[in-house]
Number of protein chains: 2
Amino acid sequence: MEHKKRLIKYNDKMFSCATSIAMELIGGKWKSVILIYLIDGSKRYSELRKLISTITERTLSLQLKQLEKDGLITRKVYTKKPPLKVEYSLTKFGESLAPVLNAIAQWGMAVAEEKGEVIEG
Amino acid sequence: MEHKKRLIKYNDKMFSCATSIAMELIGGKWKSVILIYLIDGSKRYSELRKLISTITERTLSLQLKQLEKDGLITRKVYTKKPPLKVEYSLTKFGESLAPVLNAIAQWGMAVAEEKGEVIEG
DNA sequence: CAGTATCCGGCTTGATACTG
DNA sequence: CAGTATCAAGCCGGATACTG
């Protein structure tokens, strides 16, 4: 595949190539981790917090908001009064990311097996 | 694919899953962009700077150093006195990322075509 | 339960100028 | 040519406490 120089405008920001746009949406420390857990199906806030044990509440909240804003996930509220039940799930757009996320996860697993150390299985 | 909760130690840092490790290595604003250009073959510093038109010299330099430190690219110097000739290329480890990078680029292109605006082709 | 409020340190990125 | 030096801004992410 060839990658020519080009400038693309997306959401009023300039990007030097298509890869930049993708990384704007799924880059950062947590986004792709959250998304990959949602591939398996919708999850509640507390479920995500448990699955991603090293994330803080604040950061999880902020990342979920950004993902929702970018159209990758939807937020659905099931109760009106506490205790609240909120579920997050992938949109169609988010689902289109599955091949990318799986490729990332697969590569990450290969790296982890070769050079990492599993502390808690 | 199932994604169980686990903690992995890599380079003395803790990660909640394999995806986190992958994002540590290729996440951020520029790394995957640099890497994808290197799939086509080794590039000089100035070539990368032209290809990634919106990156600054300083940031390109820092990112290249980080990628080298992580073992994804190698730096080769061809001259001893100015004008210098330096080439960057993927290591075997970096080459193993090609499927991931191509998946990201492909998805990014689909997004760009659907929702983006090409300013300069 | 599912967040928000507040405070804050540090890393990332940028602009500009300079050098071997 | 291929960077480094310096200064500075801004966002990311963490700790802790609090709320509808």
Side-chain angles (χ1 to χ4, degrees), chain A residues 7 11-16 19-20 23-34 37-38 42-70 73-89, chain B residues 7 11-17 19-21 23-34 37-38 42-70 73-89:
Chain A
L7 277 179
N11 279 350
D12 285 329
K13 289 186 186 176
M14 301 303 298
F15 297 92
S16 63
T19 299
S20 302
M23 294 313 293
E24 169 89 354
L25 296 175
I26 65 165
K29 194 172 177 180
W30 300 111
K31 283 181 185 174
S32 57
V33 179
I34 295 170
Y37 282 121
L38 293 180
S42 57
K43 297 272 182 300
R44 297 182 63 170
Y45 179 85
S46 54
E47 289 182 285
L48 288 170
R49 208 165 40 136
K50 281 175 203 162
L51 287 166
I52 312 171
S53 53
T54 50
I55 199 171
T56 63
E57 296 178 352
R58 170 195 152 85
T59 299
L60 177 56
S61 177
L62 290 174
Q63 297 300 311
L64 287 169
K65 268 185 188 152
Q66 186 61 51
L67 289 170
E68 192 185 4
K69 191 176 161 194
D70 287 337
I73 66 174
T74 51
R75 177 179 184 271
K76 186 163 183 185
V77 186
Y78 288 89
T79 51
K80 282 174 184 165
K81 290 188 179 179
L84 294 185
K85 180 180 177 183
V86 178
E87 278 199 346
Y88 294 91
S89 50
Chain B
L7 277 178
N11 278 349
D12 284 330
K13 290 187 186 176
M14 300 303 298
F15 298 92
S16 62
C17 66
T19 299
S20 302
I21 295 180
M23 294 314 292
E24 169 90 355
L25 296 175
I26 64 165
K29 194 171 176 180
W30 300 112
K31 283 182 186 172
S32 57
V33 179
I34 295 170
Y37 282 121
L38 293 179
S42 57
K43 299 271 183 300
R44 298 181 65 168
Y45 179 86
S46 54
E47 289 182 285
L48 288 171
R49 207 164 43 135
K50 281 176 203 162
L51 287 166
I52 312 170
S53 53
T54 52
I55 199 171
T56 63
E57 295 178 354
R58 170 192 156 83
T59 299
L60 177 56
S61 176
L62 291 174
Q63 297 300 313
L64 287 169
K65 268 185 189 153
Q66 187 61 53
L67 289 169
E68 191 186 5
K69 191 176 162 194
D70 288 337
I73 66 173
T74 51
R75 177 180 184 274
K76 186 162 184 186
V77 186
Y78 288 90
T79 52
K80 283 174 183 164
K81 290 189 178 180
L84 294 185
K85 179 180 177 182
V86 178
E87 277 198 348
Y88 294 92
S89 49

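From a predicted model like this one, the values you see are computed outputs, not experimental measurements. Residue numbering restarts at 1 for every chain, and letters A, B, ... go by the order of the sequence lines.
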Per-nt protein contacts along nucleotides 15-20 of chain D (heavy atom under 4.0 Å; B base, S backbone sugar-phosphate only, - none) come out as B-B--B
Write down the distance between [atom1] ([X]) and [atom2] ([N]), rounded to a whole number of angstrom.
X: A:K43; N: C:dG3; atom1: NZ; atom2: P; answer: 16 Å
X: B:L62; N: D:dA2; atom1: CG; atom2: P; answer: 17 Å
X: A:L48; N: C:dA2; atom1: CG; atom2: P; answer: 10 Å
X: A:L60; N: C:dC1; atom1: CG; atom2: P; answer: 14 Å
X: A:M23; N: C:dT13; atom1: CE; atom2: C1'; answer: 16 Å
X: A:L64; N: C:dC1; atom1: CG; atom2: C1'; answer: 14 Å
X: B:K29; N: C:dC11; atom1: NZ; atom2: P; answer: 19 Å

Judged by nearest nucleotide, the residue sitting upstream toward the 5' end of DNA chain C, B:I55 or A:E87, is A:E87
Walking DNA chain C from its 5' end, the first of B:T54 and A:Y45 to be reached, judged by nearest nucleotide, is A:Y45
May I ask you to verify if any side-chain N or O of [X] is less than 4.0 angstrom from the OP1 or OP2 atom of [N]?
X: B:Q63; N: C:dT13; result: yes
X: A:Y88; N: C:dG3; result: yes
X: B:S46; N: D:dA2; result: yes
X: B:K81; N: D:dC1; result: no
X: A:K65; N: C:dG3; result: no
X: B:S61; N: D:dT4; result: yes

Considering only heavy side-chain atoms of A:T59, the closest of D:dG14, D:dG3, C:dG14 is D:dG14
Among C:dG3, C:dG14, D:dG3, the one nearest any side-chain atom of B:R75 is D:dG3
Dot-bracket assigned to DNA chain C with the 3.5 Å Watson-Crick/G-U criterion, [ ] for crossing and | for other-strand pairs, is ||||||||||||||||||||
### Task
Verify side chain to side chain contact (heavy atoms under 4.5 Å, CB included) between A:W30 and A:L64, making sure each step is shown before the conclusion.
CA-CA 10 Å; A:W30 300 111; A:L64 287 169; over 6 Å; no
Fill in: Test item: A:K29 side-chain N/O and B:G27 main-chain N/O as donor-acceptor pair under 3.5 Å
no
Residues B:M23 and A:S32: closest non-hydrogen pair is CG-OG, 2.9 Å
Q.
Does B:K85 have more than 12 heavy atoms from other residues, nucleotides or ligands lying within 6.0 Å of its NZ?
A. yes
